[in-house]
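Heads up, the thing below is written out as structure tokens.
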Amino acid sequence: MTPTLSIQNLTIEYAVRRGAVQAVRNISFDIRRGEVLSLIGESGSGKTTFGLGVMRLLPTMARVRQGSLLYRRDAASDALEVLKLNDAALRAFRWKHVAMVFQSALNSFNPVLRISDQFADTAHAHGYLRGNLLAARAAQLFTLVRLDPERVWRAFPHELSGGMRQRVMIALALLLEPQLLILDEPTTALDVLTQRNIIDVLKELRHKLNFALLFISHDLSLAADLADRVATMYAGKLVEIGDVFTIFQSPRHPYTTGLIRAVPTLTSDRKDLTSIPGSPPDLIDLPSGCKFHPRCPLASARCKSEEPELEDAAAGHQVACWNWRAI
Amino acid sequence: MPTPIITLKHVSRTFRVKRHLIKAVDDVSLSIGEGEIVCLVGESGCGKTTTGKMIAGLLAPSAGTIEFCDQAINQMARAAFRKYRLGVQMVHQDPYASLNPTQTIYDIIAAPLRHHKFTRAGADTRARARELLTLVDMTPPDDFLDKFPHQLSGGQRQRVSIARALTVNPSFIVADEAVSMVDVSIRIGLLNLLTRFRDQLGMSFLFITHDLALAKFFAWEGRIGVMYLGRLVELAPARDLIARPQHPYTQVLLSALPEADPQVTRNKPRIELRSMDVPSLMRLPTGCAFHPRCSKFIGNVCERVVPELTAAHGAHVACHLIKPGP
Amino acid sequence: MTTVRAFLIELGKTLKLLARNRVAFFGLIVLVTLIFLSYIGPLIWPAETKSNLAAIYQGPSWQHPLGTDFQGQDNLRQVIHGGRVILEIAFITGILTTLIAVTLGSLSAFLGGAFDSVMTELINVWLTIPQFPLLAILATMLKVSDVWLLAIILALLDWPGLARQVRAQVLSLKQRDYVEAAITLDLGTPHIIFREIMPNMMSYIAISLIFAMTGAIYQQTGLVFLGLVPLSGANWGVMLSLAYNRGAIYTVDALGNVLAPVGAIALLQLSLVWLARGLEEVFNPRLRTSV
């Protein structure tokens, strides 16, 4: 089956006074139809830049150096090169095909407009439903995200709790039936119970509406709970990608392994937990060879000089490491 | 029972927000002994940070007393208060806000050393600053002393924060979400550093966090206290609390927590709440504050009577459903 | 020796940072030029003591680039002679205003309680009084003829607005985690105010100082122009006042006589405002370490 979005050699840089920040470096992978793909990585790994790049919402100092983003709404439709869309086509593309929800829902809303007006604005901009039809469609979406349409529709953003706002944002993102929803740390600022509620809502939604979900987060536990596949990013590069159970149970990249060992669970034993030494690299002045080698327990001479590319470790499991067989 | 360093006796704290009186902390009693680690967990607005700030002397309780080494803080003579002031230090959450951006790392560490005359000459101060940075694993220290906070990573800044707290040789540290803003890959390292001070220097900790898994890791041999809307609802040895939670709220929290293991996290039994709405602190429910959301609540009792924290099965729980006992 | 070196290094950094912001750097150059002209200029081109009736109200020429006035004296030369007093009053007023505002504003925020309430009310009342009329009345009553007296009066009138802003700033900085850390470390109030809070307000204070100066320039030239302050001698306000009173504004040829002081005042104000734009960067430790 053709993927919803096929990313090829995507490279994004930021021009700053000190030089070029290499935020996304030559990333290629597919987001499959209807899957939940979780992109994990620490701050500065480039995961947020990647999400913005897919939406073409990058700040002006960012440059897409190379790459291609091929989107297909369904298996039968023609491929759309997202990087070549002009402004008008881009506006139509966002929201209708790919929508994004950010960490702070409060900033995504206009504080002086009621939720109904925010929906009307979005619908109007895309020549979508209006009036009662729009209200009916919104009510349907609110029910899907477990909100009471009566309570939400006429409310102002500040009258809703953080968790409710985030769900309204998800409902709004789904208004035009996008085939790919990108969520960037959507639950980071929320409490445990609210976060659980949103995860459950997302799980339900994807089964009912069957869109693909790119879930960007530093939180491994969310990936473990929600994802079908997990992709690990380090220093702008995709270092491992595979099925969620494979990644958590038999990871092949030392960075993924290190991350999993660094995150306590309720059942984990204290002595099994350990930090990864050192800290993430400076994206302007990256180390030679494999960017993880200064922190890697398996680093060999080759790792210092040559950067490994993704290779198959097993069916559907790719890893970028010279020594993955040793793990 | 080790000798208590910090004791809270029926401590409450109210804030005035516009015309409303908000009870941020309500009747909390807790004692933390020498070399003990206690983690306070709970969701935002549960009063855990306010409790921490009261212990650190940054806020005064509205009611109740806080004792440092068996002496009430608000009745201390000058010398005793000074001992308390330096004896209890705080490590903040945000490594970007807890260091003054206009000062070098050396300035930050040297100020308390010089002010309290722990060191005399400049060379002496610099040597001690080097020692402290080495203690928090920032080596070689000379690489860091003349840097500004913005030139360090989040984890390094947090280490400087810890080193700054250590300048005055405290016996108690309040760590408010001290690792939640640093990268996941280095959190354990920071917590192990704090544990080392406990082991080597006998320091005690109040660790405030929203992350139960992290609380279990850090409090391993200590205790975890769970707070809900200003009240302590359960207090138990860390591993017991995680393995056998007694309060319905603790149970809900644990069942809702996603975990970094797909097998475990997808097969957890889920406890449903009666309501997703968190009551406002301005209009707290009567009786047990958790009753409008609790699936196990007993009509008539939970709505009316505030449950006291009582000993039950090796823990302390504030719930009408729990039978008191050893 | 080392302190001199350190000072030169910091000065170099400051200039480099200012140079990054072209507008600010240009402002600095203009300002330095104006100061230079006002203090060194009179030594090179002494004041004209005699009037030259043959050359009244002339337009710009090689001999008189900005034309001449009603006495036939050179406008440019008068501009050069008239800057010093303006600059001095502006500078003294700016410093006094900032000093009063920063002291009272930060004390008010830091001490809180009754002092803060009284201070806030005082500021509110002060701000409701129409400033310029009061200034005009005061100036007439006190017969101000001294630079210092005028500067003090201006500062006493100007501080409340800035004090209120400083108070708000300190209130916000007081909540910072590093201030809390300084409290638990028992470093004392002076340390907290002067080492933790003030350094974080330096760019703000410097910018406020500049705006206090611009305010003072308008006020003093206004007073002099209206003849309420009998400052004699060379002064752009006096020039403008004379030009007005002697009917220069009705003569096309005398345009230079009116525009010269107006232009000088505008240029001084602009240079200050331009300079203010770059000060944020000068005090940012992040940028300081990167040059």
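Lettering of chains follows the sequences in order, A, B, ..., and the numbering in each one begins at 1. Every heavy atom of this structure was used, including side-chain atoms; hydrogens, water molecules and symmetry mates were not. Every value quoted in this text rests on a predicted model; they were computed, and no experiment measured them.
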Check your understanding: Of the backbone (N, CA, C, O) and the side chain (C-beta and beyond), which part of A:Asp200 lies under 4.5 Å from a heavy atom of chain B, both, or neither?
Key -> side chain
Check your understanding: Does the A:Asp191 side chain pair with the main chain of B:Ser44, one donor and one acceptor, at a distance under 3.5 Å?
Key -> yes
Review point. Which residue out of B:Lys216, B:Gln156, B:Arg187 racks up the most heavy-atom pairs below 4.5 Å with chain A?
Key: B:Lys216
Practice item. Look up atom OG in B:Ser185 and atom CZ in A:Arg295, then write down how far apart they are to the nearest 0.5 Å. Key: 4.0 Å
Point to revise | Heavy-atom contact with chain B under 4.5 Å, split by part of A:Pro280 | key: side chain
Review point. With no hydrogens and no angle check, is any side-chain donor or acceptor of A:Ser275 less than 3.5 Å from a backbone partner on B:Gly189?
Key: yes
Practice item. Check whether B:Arg270 gets within reach of chain A through its side chain, its backbone, both or neither, counting any heavy atom under 4.5 Å. Key: side chain
Review point. What part of B:Ser280 lies closer than 4.5 angstrom to a heavy atom of chain A: side chain, backbone, both or neither?
Key: neither
Point to revise | Residue part contacting chain A, namely of B:Ile242, when any heavy atom lies under 4.5 Å | key: side chain
**Study point:** Contact origin within B:Leu254 toward chain A - heavy atom pairs under 4.5 Å
**Key:** both
**Study point:** Part of B:Val252 within contact of chain A (heavy atom distance under 4.5 Å)
**Key:** both
**Study point:** B:Asp183 (side chain) donor-acceptor with A:Ser43 (main chain) under 3.5 angstrom
**Key:** yes
Point to revise | Which atoms of A:Thr267 approach chain B - backbone, side chain, both or neither, heavy atom under 4.5 Å | key: both
Check your understanding: Cut-off 3.5 Å, side chains only: do B:Thr265 and A:Asp225 have a donor facing an acceptor?
Key -> yes
Review point. What part of A:Leu259 lies closer than 4.5 angstrom to a heavy atom of chain B: side chain, backbone, both or neither?
Key: side chain
